[in-house]
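Just so it is clear: chains get the letters A, B, ... in the order the sequence lines come, proteins before strands, and each one is counted from 1.
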Amino acid sequence: MIIAETVEAVLSFFFPARCAVCNERLKESEELLCDVCRQEIRWIDLPDCPVCGAGASKMPRSRGKPDFSHCPTCPSRKRPVYFDRCFSAVYYNDTAAEIVKNLKFNRLFSASTFMARLMFIRMQENFSPIKFDCIIPVPLHPRRQRLRGYNQAELIAEELSRLIHIPLATELLLRTRFTKKQTELTPEDRYFNVNDAFAVREPELLNDKKVLLIDDVYTTGSTLNSAAKALKLAGAKTVIAFTFAHS
Amino acid sequence: MYRHPALVLVSFLIAGLVIGRFFVLHPLVIFSALAILIIFYIWAIYIQPASRARTSRLTPSARGDLLFLGVFFIGILMQCQIVEEEQTAQKLVASIEQYGNVEVVGSVTGLPRYREHSIFVSLANVKVTRKEKVWHLPGKLQVVICGKAKKQFPEGSFTRGDIVRVFGKVQRPVSLRNPLLFNYAAYLRQKGIYATTLVYVPQLLSIRAPPGGRTLVNQVLLLIGKIRGYAYQQFFSRMKPENATVAYSVLFGKSHSINPQERQRFIDAGLIHLFAVSGLHTGLLTLVLFLFFITITSNLRLTIIFTVCGLAFYCALVGFRTPVVRAAFMADVYLLSLLILRRPVRGIDVLATSAFIVLLCNPRALFQADFQLSYLSVFGILLLKPVLENLFYLHPTPHTKHRQLAHYINKFAIDPIQVVFAVQIFLLPLLVYYYHRFSLIGFISNIFAVPLTLFIILFGGLYVLSTAILPIVSPLLVFLTSVSTETLRFFTSLSALLPFSAVSSPPLPWWAIGVYYMLLLGGSYVQGLRTPIARLRGKAQLLIVVTAICALLVWIPIVQHQHQSMTVYFLDVGQGDSAFLQFPNDNTMLIDGGRNFPRDMGQMVIAPFLNALGVEQLDVVVATHPDADHIGGLPYILQNFFVGRLIEGGSVSDTKTFKRLQKTIHQTGTPVYIVTRNDEIKGFEPARVMVLNPSPDILGRYGNNNDSVVLRIAYQKATFLFTGDAEKTAEDSMLSSGVELRAVVLKAGHHGSRYSSSPEFLDAVHPDVVIFSCGRNNRYGHPHPEVIERLKQRGIRYYRTDEQGCITITTDGRYLRIQTEK
């Protein structure tokens with residue numbers, strides 16, 4: 001224990017932690033972000049959209065109140081929605097985007113801890129007390145996972161599962177089709193890109209289960225919806241999607 | 001709070017090491033300083049009374065500063081120790097040298113280095129025994145195993161830690177010492193090797209495992225040696241020798257085995273760095289290993305651990321040389337940080353940390369070229385690449401059609417160009433300092449050569465693997481390796497042959513190098529600041545690059561214009577004569593060219609020296625007389641330089657060397673002039689060159705030596721007398737003829753033979769300085785003690801090329817400045 005601490009102390013002397021956004025050296029009290037950049041993180045303001053979890057400020061207003069029936073990011077208005085509800089922790093602004101980018105492409109694994117913590121806080125605040133049976137991260141196609149070396153959603157899910165003491169199930173949901181990167185597509189193409197890209201390995205295990213589906217960012221909901229579809233068809237009772245950021 | 005504590009730390013260590021080299025402090029002083037520091041540190045952190053802590057407790061950053069100061073003192077201490085070790089070792093070796101054959105016992109440090117004709121082994125903890133006398137040598141001793149003894153010990157038969165026992169002479173490393181040229185003895189001294197022993201006969205050498213058996217690490221190293229020997233065999237058995245040498249050198253970083261012409265072509269093409277196994281190789285290997293292990297394990301953690309081990313193995317395979325240790329360390333730390341710290345580390349931090357560790361383990365590395373080049377090249381990339389990225393990069397808008405294309409262009413075309421550019425810009429002064437040549441084509445040639453090299457590494461590595469595992473594919477792989485090597489070699493000679501592919505340049509003065517780096521660093525610093533300048537971005541950065549280049553371009557003429565004075569180099573060519581003169585009007589003269597046996601001094605010393613000086617044309621070459629130790633090296637010079645006139649005295653000889661010279665003159669069509677007493681060689685005004693010998697009355701009658709061309713060169717008050725091998729007869733003839741003989745600098749006739757420099761002649765010349773051009777321990781006994789006695793009686797200072805290396809005399813016509821080599 002002492003050895004591990006010493007090693008870490010020496011390492012962090014030679015390789016000090018830096019802010020994921022502005023690259024400034026972090027103080028001992030700071031985690032991942034410096035205090036300045038931390039200010040930029042914006043929580044989703046409640047009440048949120050009962051379907052996709054978009055914040056109230058994103059909604060069109062009718063008579064001074066947010067009108068959730070015309071939510072701009074909901075997939076519900078065009079196509080069937082398979083997840084029961086989606087939650088998100090923060091807005092997908094430049095700061096959140098930078099964190100996600102660092103986790104996805106720059107191997108900043110400690111960002112997953114930070115993200116999971118924010119998501120945990122969010123969960124304690126406004127999740128109705130559902131007792132989940134398992135946590136499932138949105139999988140990557142094996143080929144993409146090989147190229148990247150890891151799945152960022154899985155990292156977040158791992159951390160979250162440690163915080164809320166719910167088992168992680170990574171082998172259940174599979175991505176069966178190698179899809180293009182969602183970030184390179186228009187909203188319309190995104191749906192067809194990931195539609196039916198997922199499959200469940202052992203459906204009987206999911207029968208009547210309450211599943212928490214984890215991903216890093218909610219943009220149009222296509223990926224989450226497609227994954228939830230596979231889970232639901234396999235017999236899952238409830239699928240709650242939960243992402244770190246929501247655009 | 002420093003942004004990069006590791007960088008600050010290593011800077012303090014370097015500062016300590018540098019200061020320790022120039023100001024030798026007593027170790028006690030440093031020890032006490034360190035002790036005070038440590039006591040203060042402990043007091044400040046642990047013992048300081050709690051009541052006062054609130055007001056005066058050290059902040060973390062102050063603690064850091066103390067640490068830096070401590071490291072600074074450690075640096076000084078380490079350097080002082082090196083200096084002291086060097087002095088004691090050199091004295092000791094000098095005294096052992098006199099005893100002749102002795103018994104040497106020591107343990108191998110580092111890995112044995114295999115060359116074409118010899119094995120180099122460094123020994124530590126050396127015990128030298130001669131009958132009942134025993135010495136313990138500080139530092140290292142290098143055993144050179146050649147001839148039959150070499151065959152007894154193929155690669156992989158012994159390794160680090162083994163006990164070597166050898167009978168032979170312990171000698172100080174010696175080499176020819178000339179300015180601007182590689183000094184092997186100094187190079188060895190730099191590495192902590194103060195003595196060498198040569199062994200040919202297998203009976204005089206024994207190498208055994210240490211009494212307690214080899215350690216695990218050493219056993220692995222032994223195995224690695226075997227693998228390397230195996231790879232060597234595989235390459236040379238299936239490929240053309242030229243291709244095999246290049247491919248093997250690229251894979252294992254052994255540029256020594258490449259022949260000099262090919263090597264020079266690689267230098268001119270700016271591709272010599274391909275043989276310094278480094279980031280290129282390590283990067284590729286890391287990628288291959290990573291992809292391989294992640295495919296078979298699909299576990300990031302295991303993959304990282306396997307990759308780290310694989311890199312360490314490769315490090316051992318190429319012999320733990322600084323560039324590859326640096327690169328592998330950086331890759332390893334990066335990968336491990338992902339596991340331990342769960343975040344990537346910054347390149348600059350890793351670079352600084354690895355430099356810190358390397359210097360702490362081996363402080364001598366700081367003054368070694370491969371350390372400097374390797375670290376500074378990466379530093380240059382880290383510093384300049386972002387600047388360049390801001391300047392030239394394709395920035396497509398999102399969701400455009402060619403986004404992917406632009407991405408690939410950035411990645412595969414612009415990135416490599418920028419890396420090469422950054423390295424070349426940053427290393428420019430250093431490359432000029434070490435190689436005296438700067439490749440202009442390097443900017444372009446690297447872009448093609450680097451991918452080719454990657455193919456060679458990939459195919460070559462797979463080929464060696466396949467011969468052991470899957471022999472059926474090895475013919476294909478060896479073919480691919482051969483083709484890529486052949487292409488690389490063809491491409492290199494093509495680049496090297498282009499006009500202006502490389503330019504020679506005299507080394508920049510140290511202050512110019514300093515200002516150059518200050519501009520680059522300052523420019524990049526300004527670019528990094530959040531100042532209005534940074535907001536200009538592109539323009540400001542362009543300005544930085546342009547100023548940096550301009551700064552250099554401005555200096556080159558400054559440096560070249562220093563030669564308003566006259567400089568005479570009495571080159572160290574072993575036993576023999578060679579002097580190179582640069583006149584105030586920039587014209588050049590070479591008087592004699594040393595021997596051609598056992599080594600051609602023209603090729604080994606004079607040509608590289610002239611190249612280093614940037615001299616391409618010799619206006620006059622003087623062949624004083626046909627002896628081999630004077631004209632041996634001249635044919636090579638005539639073939640490789642533009643020679644205006646060749647001056648001879650008219651004596652002939654039927655030796656092979658003389659015939660070879662005649663033949664070369666014929667082939668090159670160099671105009672030959674026969675001179676005689678009272679001729680004047682024009683073309684060097686304001687300096688005057690008079691011929692004092694030979695004269696028709698003695699020519700051909702008293703032997704070749706007395707027919708030597710004797711020149712008196714006068715530049716205002718600075719006068720030089722070059723006497724060739726003139727003996728007493730010629731001297732008497734000159735005395736009686738009444739020509740002006742007085743000279744400030746006299747090159748003693750016939751290397752200081754007692755039949756030259758007669759008392760009467762010395763009195764007539766009345767020199768202040770006499771130069772002896774002779775070889776170390778030459779068998780003729782030059783210079784003769786009698787001559788030295790004559791000089792001492794007259795109070796004349798003398799210099800010897802065998803003891804002081806090349807003697808450089810610079811004069812403005814009034815004062816002389818005499819420099820010798822270390």
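- The distance between the ring centers of B:Y375 and B:F379 does not fall below 6.0 angstrom.
- Residues of residues 8-18 of chain A having a heavy atom under 4.5 Å from any heavy atom of chain B, listed by number: A:E8, A:L11, A:S12, A:F13, A:F14, A:F15, A:P16, A:A17, A:R18.
- Of the two parts of A:N102, neither the backbone nor the side chain holds a non-hydrogen atom closer than 4.5 Å to a non-hydrogen atom of chain B.
- Every residue two or more places apart in sequence or in another chain that forms a salt bridge (charged side-chain N to carboxylate O under 4.0 Å, His left out) with A:R122 is listed here: A:D48.
- Look at A:E30 and A:R25 and you find no salt bridge, because none of the NZ, NE, NH1 or NH2 atoms lies under 4.0 Å from a carboxylate O.
- Interface residue B:I340: only side-chain heavy atoms are found under 4.5 Å from chain A.
- Of the listed residues (A:N23, A:N106, A:L103, A:L32), the greatest number of heavy-atom pairs within a distance under 4.5 Å of chain B belongs to A:N23.
- Contact annotation: the side chain of A:R175 approaches that of A:T223 to within less than 4.5 Å [non-hydrogen atoms, C-beta and beyond].
- Residue B:F293: no heavy atom, backbone or side chain, is found under 4.5 Å from chain A.
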Please report the C-alpha distance between A:E31 and A:R117 in whole Å, then the side-chain angles of each, then the deciding distance to 0.1 Å, and finally whether the salt bridge (Lys or Arg N to Asp or Glu O under 4.0 Å) criterion is met.
CA-CA 11 Å; A:E31 187 205 351; A:R117 188 160 305 145; 2.7 Å; yes
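- The distance from the OG1 atom of A:T179 to the CG atom of A:D189 is 12.5 Å, given to the nearest 0.5 Å.
- Of the two parts of B:L9, only the side chain, counted from C-beta on, holds a non-hydrogen atom closer than 4.5 Å to a non-hydrogen atom of chain A.
- For A:D35, the side-chain hydrogen bond (donor to acceptor under 3.5 Å, both in side chains) test picks out no residue, with sequence neighbours left out.
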For a side chain to side chain contact (heavy atoms under 4.5 Å, CB included) check, start with the C-alpha distance between A:I136 and A:L168, then their side-chain angles and the critical distance, and finish with the verdict.
CA-CA 6 Å; A:I136 296 182; A:L168 186 69; over 6 Å; no
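- Listed by first and then second residue, the ring-ring contact (aromatic ring centres under 6.0 Å, His included) pairs involving residues 139-185 of chain A are A:F109-A:Y150, A:H141-A:F178 (not counting sequence neighbours).
- For the set B:L291, B:T303, B:V350, the entry with the most heavy-atom pairs within less than 4.5 Å of chain A is B:V350.
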